[in-house]
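The structure under discussion appears below in the form of structure tokens.
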Amino acid sequence: MTDPEAALGLLVQHALAEEFGGEFAAADPLIRPSGFADYQSNVAMSLARRLGRPPREVADLIAKGLDGASAVQTAEVSGPGFINITLRDSWLAEQANGQLADSRMGVATAGQRQRVVVDYSGPNVAKELHAGHLRPTVVGDAIVRVLEYLGHDVTRAAHLGDWGTPFGMLIEHARDVGEQATYDQLAAGDFTAFYQAARAKFETDPAFADRSRRRLVELQAGEPQSMQLWRLLVDDSMAYLRTLYARLGITLTDADMAPESFYHPMLADVNAELEERGLAVISDGALCTFPPGFTGRDGRPLPLMLRKSDGGYGYDTTDLAAIRYRLRDLGATRLIYVVGSEQHQHLEMVFETARQAGWLTGGASAEHAVIGLMTGPGGQRLKTRSGEQVKLADLIDEAVERAGKVIADRYDDPQQRSQIAEAVGIGALKYGDLSVARASSYVLDFNQLLGLTGNTGPYLQYAAARIRSIFQRADLDPARVTGPIQLGTPAERALALQLLGFGRAVSDTAATAEPHKLAGYLFDVASAFTTFYEQCPVLTAEGETRVSRLALCALTLRVLTTGLSLLGIPVPDRM
RNA sequence: GCCCCGAUAGCUCAGGCGGAUAGAGCGACUGCCUCCUAAGCAGUAGGCCGCAGGUUCGAGUCCUGCUCGGGGCGCCA
């Protein structure tokens with residue numbers, strides 16, 4: 001155990017049991033970081049009423065119980081009953097050495113291995129990813145990486161839009177311009193122009209719109225030429241997505257695409273099952289299910305539309321088929337939907353229906369990891385149709401360009417320069433989106449998102465690069481450093497204490513599916529390191545101090561590089 | 001009309017299951033490269049935590065009401 005917070009919790013619980021009886025051993029010890037000591041426990045005040053004794057008296061007894069523990073230097077009661085706890089340097093150093101020797105740096109694998117499906121990114125066939133895709137993509141990927149690091153069995157699922165109404169339109173347009181011209185245009189990555197041309201025709205030419213609708217019916221019936229053109233659109237889109245995901249360091253592969261068409265053969269059966277269970281009724285000519293607790297205008301119950309009055313299927317049915325497949329066929333015990341906030345009600349209805357249908361039972365959970373809405377400069381919603389979307393690829397280019405300007409005169413080798421710019425630009429971009437709570441809505445602001453100073457990705461990368469530089473100068477391999485770590489100065493102590501919180505930061509991130517917690521933790525690590533770096537010379541130190549500081553550097557480097565890799569942020573060797 | 005989310009420093013945001021003096025970054029201002037990378041460090045200024053009640057020993061945090069903003073509400077996804 002390297003986590004001081006957990007260790008102190010056990011000590012406090014032990015003291016509670018000793019002083020007040022075993023029934024208090026399970027009480028939350030309420031350990032919090034403190035401005036007055038390393039940690040404080042607020043448990044005395046919370047238990048005072050139950051114990052029928054004044055909180056200060058309770059606190060005194062607990063503090064007395066902590067006395068003499070090897071971990072505890074001092075435990076002092078103050079205020080209404082706070083217990084301020086300062087850890088012993090020797091104990092902290094021992095924990096840090098344990099963390100250094102541990103290949104997982106104190107990150108415990110999950111006690112119970114879960115099968116988790118993470119639905120994220122939300123790409124569409126024949127549409128470029130735009131700036132709004134950044135967060136659901138980057139956040140989802142970080143969640144996946146963290147869960148896998150904890151030993152969970154994770155299935156990535158990008159719900160690829162490849163089967164809806166627009167495809168009749170797109171295929172008909174492809175027929176009009178010819179297969180070769182379509183191929184050429186899409187191979188160049190110019191989906192937006194292709195899509196917009198089709199859309200414009202669809203809206204202005206009734207005959208084309210009519211053909212498009214018939215084409216969709218043929219497609220969904222599996223007519224060969226329609227399928228062939230559809231395949232072309234899908235393949236080109238996949239190639240585009242592969243390239244962009246690779247550049248962004250997103251771990252989604254072709255096999256992780258969970259396209260709508262995949263669920264198409266299941267839709268009739270899903271509906272049959274819901275009808276059989278008495279959950280589906282005909283309403284206004286459409287087959288609907290009305291999960292309890294959802295009402296719309298006029299207080300009428302809200303439906304999920306299982307089959308439209310024209311016999312077609314919409315996305316409600318696809319989502320139900322997907323959740324059934326994930327729970328029943330994949331055997332998932334946790335579902336995480338990394339999806340925009342505007343879909344919240346829809347997803348809650350899907351979850352409720354899955355419960356009613358008996359797919360989502362007590363042993364499994366489904367959660368909506370809400371992604372806030374990105375807006376334009378005026379707080380207005382960005383509209384796809386008017387083309388005011390910023391392409392994700394352009395956003396990446398801009399990020400890399402800005403990073404490149406900073407080092408324009410720094411490295412002679414242009415290849416090295418561009419590699420660093422790429423890593424730093426993408427690091428800035430991803431960290432910018434990962435460091436704020438995913439649910440907060442936000443305005444797309446390049447200066448905000450692509451900043452290179454302060455609490456940014458490059459700050460963390462820079463700390464790692466400085467550490468690497470130390471080892472390079474010393475001609476040492478940081479992986480071979482064994483310490484021991486000894487804690488002398490306040491900066492060394494503060495850094496060690498910060499590093500020991502790594503496991504907690506990772507498990508908190510996994511539990512809440514909130515990568516900004518890990519990002520915030522890593523910033524604190526980098527910040528503690530930078531203070532240490534300013535105050536504690538490493539290479540010019542001598543003897544045990546030098547050994548200890550090198551070890552502290554090595555441990556910091558490992559925590560930073562591991563943490564950044566869990567966020568999906570590249571770590572350049574030099575900056 | 002109903003439901004969901006939000007409102008914290010000039011700007012962008014953190015704030016665990018209710019704990020002491022509400023924290024970062026950017027921007028502003030003052031200093032710091034003879035010294036392991038200044039994408040950095042040290043410091044200063046900047047707050048009616050939207051408003052009003054309530055619960056509590058204690059509220060940015062929980063409850064109620066209100067104001068403002070965003071989103072959703074049957075055959076688009």
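Keep in mind that what you see is a predicted model, and the values were worked out from it rather than measured. In what follows, chains carry the letters A, B, and so on, assigned in the order in which the sequence lines appear, proteins first and then strands, with residues in each chain numbered from 1.
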Can you tell me, in whole Å, how much space there is between the P of B:rU61 and that of B:rG50?
8 Å

request  = Would you classify A:Val424 as touching base, sugar-phosphate or nothing, given that sugar-phosphate means primed atoms plus P, OP1 and OP2, and contacts are heavy atoms under 4.0 Å?
outcome  = base

With both pairing distances under 3.5 angstrom for Watson-Crick or G-U wobble, and | for a partner in another strand, the correct string for RNA chain B is (((((((..((((.....[...)))).(((((.......))))).....(((((..]....))))))))))))....

| task | Please work out if A:Glu5 contacts a base, only the sugar-phosphate, or nothing of the nucleic acid, heavy-atom cut-off 4.0 Å. | result | base

- Item | Ring geometry between A:Phe502 and A:Tyr521 (parallel below 30°, tilted from 30 to 60°, perpendicular above 60°) | parallel

Exercise. Are any of the side-chain nitrogens in A:Asp508 or A:Lys517 under 4.0 Å away from the carboxylate oxygens of its partner?
Worked result: no

Worksheet item: What does A:Pro33 touch in the nucleic acid at a heavy-atom separation under 4.0 angstrom: a base, only the sugar-phosphate, or nothing?
Response: base

Rounded to whole Å, the CD-P distance (A:Glu367 to B:rC5) equals 16 Å

_Pairwise P distance for B:rA59 and B:rG53, with rounding to whole Å_ = 14 Å

Taking the same atom, C1', in B:rC33 and in B:rG23, what whole-Å distance lies between them?
30 Å

Original post:
Counting any heavy atom closer than 4.0 Å, what does A:Ala437 reach on the DNA or RNA strands: base, sugar-phosphate only, or nothing?
Top reply: sugar-phosphate

Exercise for the section: Just call it for A:Arg468: base, sugar-phosphate, or nothing, with non-hydrogen atoms closer than 4.0 Å on any strand. Expected result: nothing

Donor-acceptor pair under 3.5 Å, A:Arg300 side chain vs B:rG74 base: yes

Heavy-atom contacts, protein to nucleotides 21-36 of chain B, under 4.0 Å, summarised as B (base), S (sugar-phosphate only) or - (none) per nt, yield B--SSS---------B

Compare the ring of A:Phe82 with the six-membered ring in the base of B:rA20 and state whether they stack (centres under 5.5 Å, planes under 30°). yes

To the nearest angstrom, the CD-C1' distance between A:Gln13 and B:rC17 comes to 14 Å

- Message: Given the structure, check if the side chain of A:Asn84 and the base of B:rA20 hold any donor-acceptor pair shorter than 3.5 Å.
- Response: yes

Winner on side-chain proximity to A:His516, out of B:rG74, B:rG19, B:rG15, is B:rG15

Rounded to whole Å, the CG-P distance (A:Leu373 to B:rC5) equals 16 Å

Pairing of A:Arg53 and A:Asp60 as salt bridge, 4.0 angstrom limit:
no

| request: Decide if the gap between the ring center of A:Tyr431 and the ring center of A:Tyr459 is smaller than 6.0 angstrom. | output: no

Original post:
Under 3.5 Å, is there a donor-acceptor pair linking the side chains of A:Glu172 and A:Ser212?
Top reply: no

Do A:Arg466 and A:Phe529 form a cation-pi contact, if we require the NZ or CZ to be under 6.0 Å from the six-membered ring centre and within 45 degrees of the ring's axis? no

Whole-Å distance, A:Leu347 CG to B:rC73 P, equals 13 Å

Separation of B:rC4 atom P from A:Glu352 atom CD, nearest Å, is 15 Å

Rounded to whole Å, CG of A:Leu302 lies from C1' of B:rC73 at a distance of 5 Å

- Item | Side-chain heavy-atom pair A:Leu304, A:Asp319 within 4.5 angstrom cut-off | no

Taken to the nearest whole Å, CD1/A:Ile31 to C1'/B:rC17 is 13 Å

Could you check whether the side chain of A:Arg410 and the base of B:rA39 have a donor-acceptor pair of N or O atoms closer than 3.5 Å, going by distance alone?
yes

From CG of A:Asn42 across to P of B:rC57 the rounded distance in Å is 17 Å

Which part of the nucleic acid, if any, lies within reach of A:Leu304 when heavy atoms closer than 4.0 Å are counted: base, sugar-phosphate only, or nothing?
-> nothing

Kindly give the atom pairs (protein nitrogen or oxygen, nucleotide nitrogen or oxygen) under 3.5 Å for nucleotides 75-77 of chain B.
residue: B:rC75; atom: O2; partner: A:Ser309; partner atom: N; Å: 2.8
residue: B:rC75; atom: O2; partner: A:Ser309; partner atom: OG; Å: 3.3
residue: B:rC75; atom: N3; partner: A:Ser309; partner atom: OG; Å: 3.1
residue: B:rC75; atom: N4; partner: A:Asp284; partner atom: O; Å: 2.6
residue: B:rC76; atom: O3'; partner: A:Thr165; partner atom: OG1; Å: 3.2
residue: B:rA77; atom: OP1; partner: A:Thr165; partner atom: OG1; Å: 3.0
residue: B:rA77; atom: O3'; partner: A:Glu260; partner atom: OE2; Å: 2.7
residue: B:rA77; atom: N6; partner: A:Tyr315; partner atom: OH; Å: 2.3
residue: B:rA77; atom: N1; partner: A:Tyr315; partner atom: OH; Å: 3.2

